[in-house]
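Order of the sequence lines sets the chain letters (A, B, ...), proteins ahead of strands, with each chain counted from 1. In this text, all values refer to a predicted model and were calculated from it rather than measured experimentally.
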Amino acid sequence: MSTKRFSIKITGASGQGINSIGEMLAKALKNNGYKIFAYREYPSLIKGGWSSYQIEISDLELASSEEKCDLLVCLDRESFYHYLPTVDAGGVVVHSLIKLKLNETEPLKSGARINEKKYLEDNKIQIEFIDAIAESKSKWGKGIFANTILTGFIWKLLGEPVAEIESELSTFFKNKPEIIPTNIEALRYGYERTTELKQFKLDFKKDNSWQDSYILSGNHVLALGAIQAGTRAYYSYPMTPATSILEYIAETSHQTGILVKQAEDEITAVQLTIGSMFAGTRAFTATSGGGFDLMSETLSLAGMIETPLVVVLAQRSGPGTGLPTWSGAGDLNLAVNAGHGEFPRLVLAISDVASAFIMMQLAFEFAEAFQIPVIVLTEKQIGESLYNFKKFPLSLPIQRYLLNGEALKTVKSEDRYQITESGISPRWLPGSSEQTYDANSDEHWLDGSDSEIAEQNIQMYEKRMRKLTKLQKQLPEPVLYGNLDAENILVGWGSVKGAVIDALAEIENPEKFAYLHYEFMFPLRTNKLNDLVKKGKKISLIEGNYLGQLGKMLQAEIPELKFTDKLLKFNGRPFFVDELSSYFSSK
Amino acid sequence: MSTKRFSIKITGASGQGINSIGEMLAKALKNNGYKIFAYREYPSLIKGGWSSYQIEISDLELASSEEKCDLLVCLDRESFYHYLPTVDAGGVVVHSLIKLKLNETEPLKSGARINEKKYLEDNKIQIEFIDAIAESKSKWGKGIFANTILTGFIWKLLGEPVAEIESELSTFFKNKPEIIPTNIEALRYGYERTTELKQFKLDFKKDNSWQDSYILSGNHVLALGAIQAGTRAYYSYPMTPATSILEYIAETSHQTGILVKQAEDEITAVQLTIGSMFAGTRAFTATSGGGFDLMSETLSLAGMIETPLVVVLAQRSGPGTGLPTWSGAGDLNLAVNAGHGEFPRLVLAISDVASAFIMMQLAFEFAEAFQIPVIVLTEKQIGESLYNFKKFPLSLPIQRYLLNGEALKTVKSEDRYQITESGISPRWLPGSSEQTYDANSDEHWLDGSDSEIAEQNIQMYEKRMRKLTKLQKQLPEPVLYGNLDAENILVGWGSVKGAVIDALAEIENPEKFAYLHYEFMFPLRTNKLNDLVKKGKKISLIEGNYLGQLGKMLQAEIPELKFTDKLLKFNGRPFFVDELSSYFSSK
Amino acid sequence: MMNTDNSKPVEFSDYYNPNIYTWCTNCGNYGIHAALKRALVAENISPGNTMMFFDIGCNGNGSDKILGYRMHGLHGRAIPVAVGAHLANRKLQTIAFGGDGASLNEGVNHLVHAIRSDYNILFILHNNENFALTKGQASSATETGRVCDACPDGPVESSINIMSFILAMNPSFAARSFSGDIHQMTDVIRAGIRHQGFSVVEIMQNCPTYNRYSGHEWYQKRVYDVTKLADYDKTDLKAAQNIAQDLKEKIATGVLYEKPRGDFYSKLVNRKDYKTELVEEVKAGEIGKLMEAFR
Amino acid sequence: MMNTDNSKPVEFSDYYNPNIYTWCTNCGNYGIHAALKRALVAENISPGNTMMFFDIGCNGNGSDKILGYRMHGLHGRAIPVAVGAHLANRKLQTIAFGGDGASLNEGVNHLVHAIRSDYNILFILHNNENFALTKGQASSATETGRVCDACPDGPVESSINIMSFILAMNPSFAARSFSGDIHQMTDVIRAGIRHQGFSVVEIMQNCPTYNRYSGHEWYQKRVYDVTKLADYDKTDLKAAQNIAQDLKEKIATGVLYEKPRGDFYSKLVNRKDYKTELVEEVKAGEIGKLMEAFR
Ligand SMILES: Cc1ncc(C[n+]2csc(CCOP(=O)(O)OP(=O)(O)O)c2C)c(N)n1
Ligand SMILES: Cc1ncc(C[n+]2csc(CCOP(=O)(O)OP(=O)(O)O)c2C)c(N)n1
Ligand code: SF4
Ligand code: SF4
Ligand SMILES: [Mg+2]
Ligand SMILES: [Mg+2]
């Protein structure tokens with residue numbers, strides 16, 4: 001059990017309202033001046049199964065969760081069976097399971113209940129039953145205040161003053177003021193309920209200035225980054241974990257004026273997007289792996305006709321339908337190679353909220369500057385976790401790289417695909433001149449007209465591919481976090497960052513490690529890593545996939561690169577801070 | 001000009017009948033005991049443009065063409081402008097272009113006519129005009145015998161006895177016996193026509209046993225390989241250069257009984273295929289890059305549900321629509337990485353007819369043995385060129401790797417996705433037992449039922465991926481051709497093989513080179529290459545793409561691998577034997 | 001390739017799968033599964049002689065709650081994969097399932113082409129008028145203007161009346177039922193199984209969680225069975241098209257249209273003389289004759 | 001985002017592209033291009049104010065033989081890419097083109113959904129009843145049993161009457177013409193340009209190379225113009241559906257159906273008060289307010 005954080009897991013079946021409890025607690029905690037991070041697990045079905053809303057509390061900024069928790073709350077049996085083994089030694093379990101009988105035998109097959117009795121005893125875990133629905137019924141005639149009772153009770157266990165959670169509850173129900181008074185009663189009832197359980201004490205520094213910090217999911221911030229970048233149209237077909245981007249942009253469309261179209265399928269979504277970008281507005285689409293496959297022919301089109309395109313690939317665990325509501329980072333190879341033929345592209349990978357905000361802006365910047373498709377990788381872990389932070393990172397100025405004004409008066413159709421040293425040719429928008437062109441997916445010559453002349457074909461192909469060289473030069477090297485002189489370097493990308501950096505903040509021996517973080521995945525910059533290799537550092541790889549996809553890409557570039565260790569995880573779960581802390585501590 | 005071969009280029013607009021002339025000549029030549037190879041260039045349109053049918057003649061077995069030719073025949077102007085610069089010094093041009101005026105000025109922009117007069121003079125090329133249509137009209141009242149006249153004339157220039165071409169013409173028109181007599185007349189007329197041109201003499205050894213050798217395209221043989229392997233259904237959506245597979249399997253469907261369905265699109269084609277394989281017959285589909293993109297989601301499905309799947313990816317030059325009727329080898333990265341998530345797959349690459357026949361059989365063998373998707377790469381250059389050969393390579397025995405007989409009596413649903421060391425689990429066909437299973441694209445446990453339990457998810461994921469390890473062990477190393485002790489090693493794949501090996505047969509210094517040929521592209525075997533690297537050989541790369549895709553894959557596996565040279569070609573044309581001969585000779 | 005000892009009649013429990021259903025309380029999918037099992041039992045088709053192809057969607061989450069040779073494939077693709085399997089082995093009963101999202105959005109191409117191709121499979125379309133599994137977005141069948149997830153103003157597109165759509169494609173069999181009527185569902189599914197050709201059964205499926213507009217009672221009040229109409233001629237396409245249009249007041253159910261015209265496979269000239277299924281024919285092909293043409 | 005000095009009337013030659021046409025002699029596409037140019041000129045729309053989206057197919061090989069802002073995109077995808085461009089800038093005239101293969105096979109989903117979505121673009125469907133560019137395979141519009149490339153026995157699937165298909169989808173504008181009648185094509189293209197909504201113009205296009213069944217004379221003998229019928233009511237969908245069915249004896253052409261009902265964009269509640277086009281609005285978004293919700 002980490003002393004740097006406290007973690008609560010609210011668990012139950014889909015549809016039991018654990019998210020509401022979680023959200024309320026999370027906001028109240030942050031209003032109290034704590035820093036939080038919230039992580040969600042849920043199955044791919046609408047009701048039933050087991051799911052959890054886990055809140056980490058600390059006085060450090062967090063971007064990861066523990067696998068273990070200090071306080072487990074269970075609203076249904078399956079969740080109890082499943083999550084009990086995650087309660088840390090000395091922890092507490094609160095449940096509402098009538099006549100729960102602890103299992104006392106060893107499990108015989110995979111997935112079966114553990115020997116619960118023994119686990120509780122061995123780990124000195126306290127457990128208490130609260131028949132919240134019955135209590136709600138007996139007090140107010142109906143069971144619906146059960147979750148509020150539990151919320152009050154949890155708050156009490158945390159040792160926080162009741163006022164804060166009351167005010168958060170009022171905010172939470174502000175659109176239904178009529179139900180607030182009874183809920184407040186239920187909350188107090190829960191708070192004042194007697195208990196055998198020990199009371200925790202959140203032993204973290206409160207920061208008053210944190211009270212008006214934000215709590216947002218990665219997908220919210222991704223959408224906000226795109227809005228910041230001037231997105232005017234969003235096209236998508238629902239697919240977890242990208243759906244919440246669609247939901248958010250649609251919900252706020254009256255405020256933003258963004259045109260939102262839920263397309264008939266992913267091919268349509270990406271074709272609408274490239275059509276809008278061709279005409280000159282900023283538009284994007286988001287999907288997950290399966291939908292991305294369907295979009296891949298259009299990536300190749302974008303590469304050929306040199307029309308900017310931004311596609312978000314929100315990763316979950318594959319292949320096939322996989323674990324649709326779980327996380328993963330197994331689509332890097334796909335992002336780098338999808339789409340037939342050869343064409344320049346940029347692959348970015350978001351790692352947290354700050355990165356989501358900046359990467360979406362950069363995606364449009366690079367897509368338009370280089371007239372290429374840009375793929376932005378994110379993960380369910382980033383998109384659906386709730387981050388607590390105070391300041392949005394910088395907004396980048398918007399540049400369009402289009403001919404206008406005087407330049408338009410002298411432009412000629414043949415300028416559109418001019419052979420240039422950088423590979424970038426002038427671009428002007430439909431309607432801005434009577435000098436028109438053909439954005440031709442057939443191999444073409446200067447104004448886009450068909451060409452099958454070998455010499456022209458080579459020149460045009462090389463022109464397109466040269467953009468890759470320029471692009472690579474322009475991209476930054478990966479950032480090294482931690483002790484820059486450390487002996488052990490971990491290399492990773494995506495949500496891994498949060499867990500590694502959080503772990504380094506919790507261990508005894510942080511000076512031994514540094515973490516090299518990639519956000520610009522293709523084309524790769526490898527100077528910094530190369531230097532580290534040359535200096536003889538021990539380099540290890542950490543990725544959310546089986547193959548070590550980034551590792552392979554790096555090895556193709558840096559012959560001398562050997563990995564001391566490979567931390568690869570591919571079971572739908574993110575890296576947890578406690579598993580990394582033990583890893584580091586063991587070194 | 002090579003002394004080992006003679007090459008004729010028949011050129012004209014699409015629709016002018018150059019293929020018929022070419023085919024007739026090719027067959028007649030092989031009936032005469034020569035060995036031939038024929039290569040076709042044509043535009044992506046139905047009539048017009050310029051195209052060529054090029055025949056190489058030799059006493060060596062050939063699998064490549066020269067860029068230059070000895071005899072150029074032009075039926076239309078565009079072809080003349082375009083192909084004149086390919087006539088070798090001392091060559092001959094025959095054309096039917098009324099009032100052709102040779103250009104005498106230097107070209108000012110890309111794609112313009114060369115200084116034709118100068119080119120002819122500098123290279124001592126003879127040129128002659130034959131107004132074949134007018135001659136046909138004056139003799140027989142209509143122009144349609146023009147091509148036959150030209151055929152006779154060409155035959156004469158080659159110095160071959162007229163009887164051979166006459167008998168081939170009769171075979172060619174065997175379904176229209178009424179037109180044979182006049183065509184024979186026209187042929188003789190052409191043959192006996194006076195000319196100022198020098199007469200060539202085919203200075204090659206005739207091989208009588210060669211008379212009943214075969215002339216087939218790579219796509220024909222690919223289809224025959226699949227038929228040999230027991231294919232019972234073929235599903236496809238037309239796309240060059242895969243269309244001729246569909247055409248051939250459809251045309252012969254009365255003989256083979258194969259069920260052929262032209263699907264409404266590529267997604268349907270591949271879904272029909274995997275459905276048929278699931279039910280237990282052998283079926284496959286073929287497409288080119290754009291259609292393959294659309295199929296890629298299904299590759300991932302196949303990986304997840306462990307159902308065999310065979311997809312042929314017939315490459316042309318991309319990206320986008322690219323050069324739809326030209327060749328390329330730019331889809332290796334795609335074949336290796338397409339489809340979201342991680343799953344085992346096998347990627348094979350055909351290099352010529354023998355390889356087409358064997359690889360299609362192996363595709364089914366491996367797909368079924370390992371229950372994985374297999375992607376077979378081919379190229380327009382292989383699929384649509386005509387190879388002349390004598391013996392079909394070996395037919396492999398068909399094994400199905402299915403439970404049957406006694407085993408079916410004791411099988412349990414949970415056996416289907418049993419966790420095994422090899423990663424391969426028992427498979428039995430629908431209908432063969434009352435113990436049924438779920439081929440579930442959601443992550444699953446032993447009988448295919450959903451599972452979101454971390455421990456099970458890891459085990460199943462690892463089980464699937466372990467197949468890759470076993471598969472790699474089972475695949476052969478690449479083959480080394482040429483002088484096994486040579487200092488310079490070229491590494492390549494696909495149609496490159498034919499050109500390299502033919503070039504090695506033509507140069508003065510063949511002992512300096514060897515060629516390492518990959519047909520098993522993923523997972524890669526690298527021991528042999530590694531040994532060569534360790535021995536300090538100079539390794540060079542030769543590929544039909546810009547990025548050197550195989551090269552990068554090899555470098556990711558063999559840190560010490562550096563390429564002395566990279567021969568990369570990406571203009572839609574194959575490697576020509578003469579360009580490689582000069583390359584070798586310059587070393 | 002049929003395994004069953006047909007002497008033992010198939011029982012309902014033969015289809016029992018111990019996995020626990022994960023649908024919401026009162027979800028219409030429960031009724032559909034019950035009817036499906038009843039129909040298969042009534043037709044005496046055992047799990048081992050059935051191939052079922054499930055789409056991705058709430059409906060598809062039933063794939064591991066029943067027995068049979070099943071595939072739970074890709075979203076929108078249940079029809080073509082089922083067809084591929086059917087063509088390989090027609091001795092087994094092939095059934096495909098898909099939601100309104102799968103069938104009219106992601107995979108509408110397959111529906112259009114399966115109808116014109118006359119594949120002899122049964123397709124059960126779970127129409128709950130929304131994308132349920134992804135939490136309630138609009139499908140093509142969602143009423144215009146109906147507020148739903150990710151669509152605060154409701155869709156502006158015209159809504160598709162699925163049965164009208166199907167009938168416009170000139171099918172050979174089209175039936176509609178309602179997830180609250182297990183008897184009728186069983187009957188139309190049985191009729192669909194027996195029909196030689198592409199049989200579409202649209203089931204208006206309750207989704208109490210996301211479709212609060214047309215719930216069980218709402219449908220209960222409006223549905224009527226065309227077979228109970230004195231003069232209904234189910235071979236009259238125009239009549240079916242007319243009667244299918246109303247989705248507001250009186251909703252026609254039952255087999256609305258049926259006119260056999262032979263199925264895809266049986267129209268294939270080159271398969272006419274074959275007595276075997278494709279699955280039984282996998283052996284080294286005879287290429288000798290074919291090669292002769294290339295000498 | 002409109003550049004033209006409208007004082008100078010647009011001329012036919014403004015659309016002249018020096019690239020040489022590559023269609024076969026007597027290909028119907030020549031006539032279609034001529035009519036297209038005439039219609040644009042008659043509507044005084046300059047190349048600089050036009051966006052054209054070409055499919056892959058013989059029809060699409062016209063993309064570099066005309067002027068205008070053009071995209072020659074992917075097979076089957078002309079409609080959605082055109083729609084995306086149109087939504088970004090409605091001041092330009094957007095036209096999409098596709099073959100019968102593109103529209104009924106590879107991309108039938110887009111046709112179905114564009115009709116129900118009412119995007120305000122013009123779609124010209126070159127129906128030559130085959131996949132011409134890939135050398136004459138069957139499309140959905142190829143008659144059942146008609147022998148063609150890769151189909152020695154002819155397709156066994158029912159053939160789709162494209163206009164009937166379109167009319168079954170309840171379009172707001174549907175016209176049919178014939179590539180031999182430049183006047184009528186010009187007229188219906190102009191009507192399609194003027195219609196506010198998704199305008200489909202099906203052109204029965206001669207393909208002398210691969211469709212030898214219904215050539216110029218064949219059509220010439222059979223087509224008639226519905227506007228010449230005394231009592232034809234083009235706002236009557238049923239009437240249009242009836243008249244469109246015959247493809248053998250008497251073939252109805254002209255604007256068969258037209259009933260404006262507003263277009264997609266103008267139905268979007270959140271765009272009601274905007275006077276600008278999306279293309280004019282790209283600037284840093286105001287996220288301050290949005291962020292407040294997350295404190
Ligand atoms: C290619 C792809 N796109 C999107 C999804 C996400 N997805 C899963 S189910 C579904 C819609 C389900 O709607 P419907 O077919 O009506 O089934 P229902 O859940 O309503 O039964 C979507 C969009 C997916 N799995 N695959
Ligand atoms: C994804 C994809 N599949 C297949 C093709 C090959 N292809 C090009 S054009 C065409 C069919 C053309 O038919 P149609 O749309 O009717 O146009 P037409 O040539 O008859 O004008 C096909 C299948 C392609 N370019 N892309
Ligand atoms: S969301 Fe609707 S369709 Fe899905 S399980 Fe619940 S009630 Fe059934
Ligand atoms: S093949 Fe047909 S459609 Fe294509 S150019 Fe020739 S006549 Fe026109
Ligand atoms: Mg639905
Ligand atoms: Mg066509």
With a 4.5 Å cut-off on heavy-atom pairs, point out which of [options] contacts chain A the most.
options: B:Glu560, B:Met553, B:Glu462; result: B:Glu462
options: B:Leu547, B:Ile305, B:Asn440; result: B:Leu547
options: B:Asn457, B:Ile558, B:Leu299; result: B:Asn457
options: B:Leu301, B:Thr298, B:Asn333; result: B:Asn333
options: B:Ser288, B:Gly341, B:Gly290, B:Gly303; result: B:Gly290
options: B:Trp445, B:Trp326, B:Phe343; result: B:Trp326

Subject >> Side-chain H-bond candidate by donor/acceptor type, B:Asp265 with B:Thr268, under 3.5 Å >> reply: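 B:Thr268 and B:Asp265 do have a side-chain donor-acceptor pair below 3.5 Å.
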Original post:
For the atom pair CD1 (A:Ile539) and CG (A:Leu554), what is the distance rounded to the nearest 0.5 Å?
Top reply: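 Going from CD1 on A:Ile539 over to CG on A:Leu554, the span is 10.0 Å.
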Original post:
When rounded to the nearest 0.5 angstrom, what distance separates CD1 in B:Ile274 from CG in B:Leu309?
Top reply: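 So the gap between those two atoms works out to 5.0 Å.
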**OP:** Only counting residues at least two apart or in another chain, list the ones meeting side chain to side chain contact (heavy atoms under 4.5 Å, CB included) with B:Ile114.
**Re:**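 Testing B:Ile114 for side chain to side chain contact (heavy atoms under 4.5 Å, CB included), a comparison that skips the adjacent residues, returns B:Leu84, B:Pro85, B:Glu116, B:Tyr119.
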Using modelled atom types and a 3.5 Å cut-off, is there a donor and acceptor pairing between side-chain atoms of [X] and backbone atoms of [Y]?
X: B:Gln549; Y: B:Leu332; result: yes
X: A:Arg345; Y: A:Ile372; result: no
X: A:Gln472; Y: A:Leu524; result: yes
X: B:Gln555; Y: B:Lys562; result: no
X: B:Glu342; Y: A:Tyr546; result: yes

Original post:
Is the B:Phe292 to A:His340 ring centre distance short of 6.0 Å?
Top reply: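 Between A:His340 and B:Phe292, which both carry aromatic rings, the centre distance is not below 6.0 Å.
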Original post:
Charged N to carboxylate O under 4.0 angstrom, B:Arg316 versus A:Glu443?
Top reply: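 So B:Arg316 does not pair with A:Glu443 through a salt bridge.
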Original post:
Is the closest basic N to carboxylate O distance between A:Glu306 and A:Lys463 below 4.0 Å?
Top reply: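 Judged by the 4.0 Å cut-off on N to carboxylate O distance, A:Glu306 and A:Lys463 do form a salt bridge.
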Find the one option among [options] whose heavy-atom pairs under 4.5 Å with chain B are most numerous.
options: A:Ala338, A:Gly330, A:Gly339; answer: A:Gly339
options: A:Ser110, A:Gly551, A:Ala329; answer: A:Ser110
options: A:Ala335, A:Pro559, A:Gly111, A:Ser451; answer: A:Pro559

By a 4.5 Å heavy-atom criterion (distance strictly below it), what part of [X] contacts chain A: side chain, backbone, both, or neither?
X: B:Glu557; answer: side chain
X: B:Ala454; answer: both
X: B:Ile267; answer: side chain

**OP:** With a 4.5 Å heavy-atom cut-off (strictly below), which parts of residues 568-575 of chain A touch chain B? List them by number.
**Re:**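 Result: A:Phe570, A:Asn571, A:Arg573.
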Original post:
Parallel under 30°, tilted from 30 to 60°, perpendicular over 60°: which one fits the rings of B:Trp50 and B:Tyr83?
Top reply: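 B:Trp50 and B:Tyr83: perpendicular rings.
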Subject >> Residue pairs fulfilling salt bridge (charged side-chain N to carboxylate O under 4.0 Å, His left out) with at least one residue in residues 447-461 of chain A, sequence neighbours excluded >> reply: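 Sorted pair list comes back empty.
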Original post:
Which residues in residues 317-325 of chain B have any heavy atom lying under 4.5 Å from a heavy atom of chain A?
Top reply: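 From residues 317-325 of chain B, the residues near chain A are B:Ser317, B:Gly318, B:Pro319, B:Gly320, B:Thr321, B:Gly322, B:Leu323, B:Pro324, B:Thr325.
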Original post:
Closest approach of A:Ser51 and A:Ser79, non-hydrogen atoms and distance?
Top reply: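 In this case the closest contact between A:Ser51 and A:Ser79 is N-OG, 4.1 Å.
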